Amino acid sequence: MSISIGKSPRLAVRGILIHQDRLLLVNAWANHKSSLWCAPGGGVECGQSLPNNLEREVKEETGLTVQVGTPCLVNEFHDPKSQFHQVEVFFRCRLISGHLDSEWIDPQGVVSKRQWFTREETEMANIKPSSLPKIAWAGDFGYDPLELIVF
């Protein structure tokens with residue numbers, strides 16, 4: 001039996017933040033390259049806990065300060081061409097301080113837009129993973145198996 005060793009999956013954290021019955025989403029594509037929306041978050045840095053990584057990522061991408069709660073969703077996606085494989089752990093979050101400011105600039109230059117979405121608006125938006133709105137409002141735990149990356 002032959003074992004093929006590829007690249008290790010990238011670990012990322014994302015925050016599910018509902019405030020005033022609206023879900024916070026970001027467009028994490030520089031120069032508005034895609035209409036895809038996702039929960040704020042990003043890659044995990046070694047030596048920091050997952051919640052600490054998420055607090056940092058949410059602050060960088062949105063300017064908001066959050067308290068990280070319990071995990072509620074695991075999602076993974078990949079790009080077979082590049083062998084990119086990312087595993088994301090989503091945590092429920094609570095807004096501690098801040099508000100969305102159109103002048104806020106993501107220091108990494110990745111997030112181009114940030115917006116609060118109602119349940120109805122999420123039905124019309126291009127959101128990944130697709131189970132995100134359901135998990136956000138239902139309070140369940142979910143797992144989205146490996147899916148192709150979408151550009």
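What you see is a predicted model; the values in this text were computed from it and never measured.
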Quick one, Leu24 and Leu95 - any side-chain contact, counting heavy atoms below 4.5 Å? no
To the nearest 0.5 Å, what is the distance between CG on Leu23 and OG1 on Thr118? 10.0 Å
Pairs touching residues 105-133 that satisfy ring-ring contact (aromatic ring centres under 6.0 Å, His included), sequence neighbours left out: His19-Trp116, Trp37-Phe117
Using the side chain to side chain contact (heavy atoms under 4.5 Å, CB included) criterion, which residues pair with Gln48? Sequence neighbours excluded. Glu45, Asn52, Asn53, Arg56
Is there side-chain contact between Arg94 and Ile96, with heavy atoms separated by less than 4.5 Å? yes
So, using side chain to side chain contact (heavy atoms under 4.5 Å, CB included) as the criterion, who are the partners of Ser102 when residues are at least two apart? none
Rounded to the nearest 0.5 Å, what separates atom CZ in Arg119 from atom CG in Asp21? 5.0 Å
Got Glu121 and Arg22 here, is their nearest side-chain heavy-atom distance under 4.5 Å? yes
Do Leu54 and Val58 come close enough that some side-chain heavy atom pair is under 4.5 Å? yes
Looking at every non-hydrogen atom in both residues, tell me the closest pair between Pro133 and Pro129 and how far apart they are. CD-O, 4.3 Å
Do Phe77 and Val87 touch side chain to side chain, with heavy atoms closer than 4.5 Å? no
Looking at side-chain heavy atoms only, is the closest gap between Ile16 and Cys93 below 4.5 Å? no
Check: Thr62 side chain, Lys59 main-chain N or O, donor-acceptor pair, under 3.5 Å: no
I need the Ile135 CD1 to Leu73 CG distance, nearest 0.5 Å. 5.5 Å
Sorted by chain and number, sequence neighbours left out, side chain to side chain contact (heavy atoms under 4.5 Å, CB included) with Cys38 holds for Arg14, Val26, Ala28
Looking at every non-hydrogen atom in both residues, tell me the closest pair between Val44 and Leu50 and how far apart they are. CG2-CD2, 3.7 Å
Test item: Arg114 side-chain N/O and Glu61 main-chain N/O as donor-acceptor pair under 3.5 Å: yes
Rounding to 0.5 Å, atoms NE2 (His78) and CZ (Phe84) come to a distance of 11.5 Å
Identify each donor-acceptor pair in which a side-chain atom of residues 139-146 lies under 3.5 Å from a protein atom, sequence neighbours left out, and give them as a table.
{"residue": "Tyr143", "atom": "OH", "partner": "Glu76", "partner atom": "OE2", "Å": "2.4"}
{"residue": "Asp144", "atom": "OD1", "partner": "Ser131", "partner atom": "OG", "Å": "3.2"}
{"residue": "Asp144", "atom": "OD2", "partner": "Ser131", "partner atom": "OG", "Å": "2.5"}

Report all side-chain donor-acceptor pairs from residues 103-111 shorter than 3.5 Å, counting only partners two or more places apart or in another chain.
{"residue": "Trp104", "atom": "NE1", "partner": "Glu60", "partner atom": "O", "Å": "2.9"}
{"residue": "Asp106", "atom": "OD1", "partner": "Gln108", "partner atom": "N", "Å": "3.0"}
{"residue": "Asp106", "atom": "OD2", "partner": "Val110", "partner atom": "N", "Å": "3.1"}
{"residue": "Asp106", "atom": "OD2", "partner": "Val111", "partner atom": "N", "Å": "2.9"}

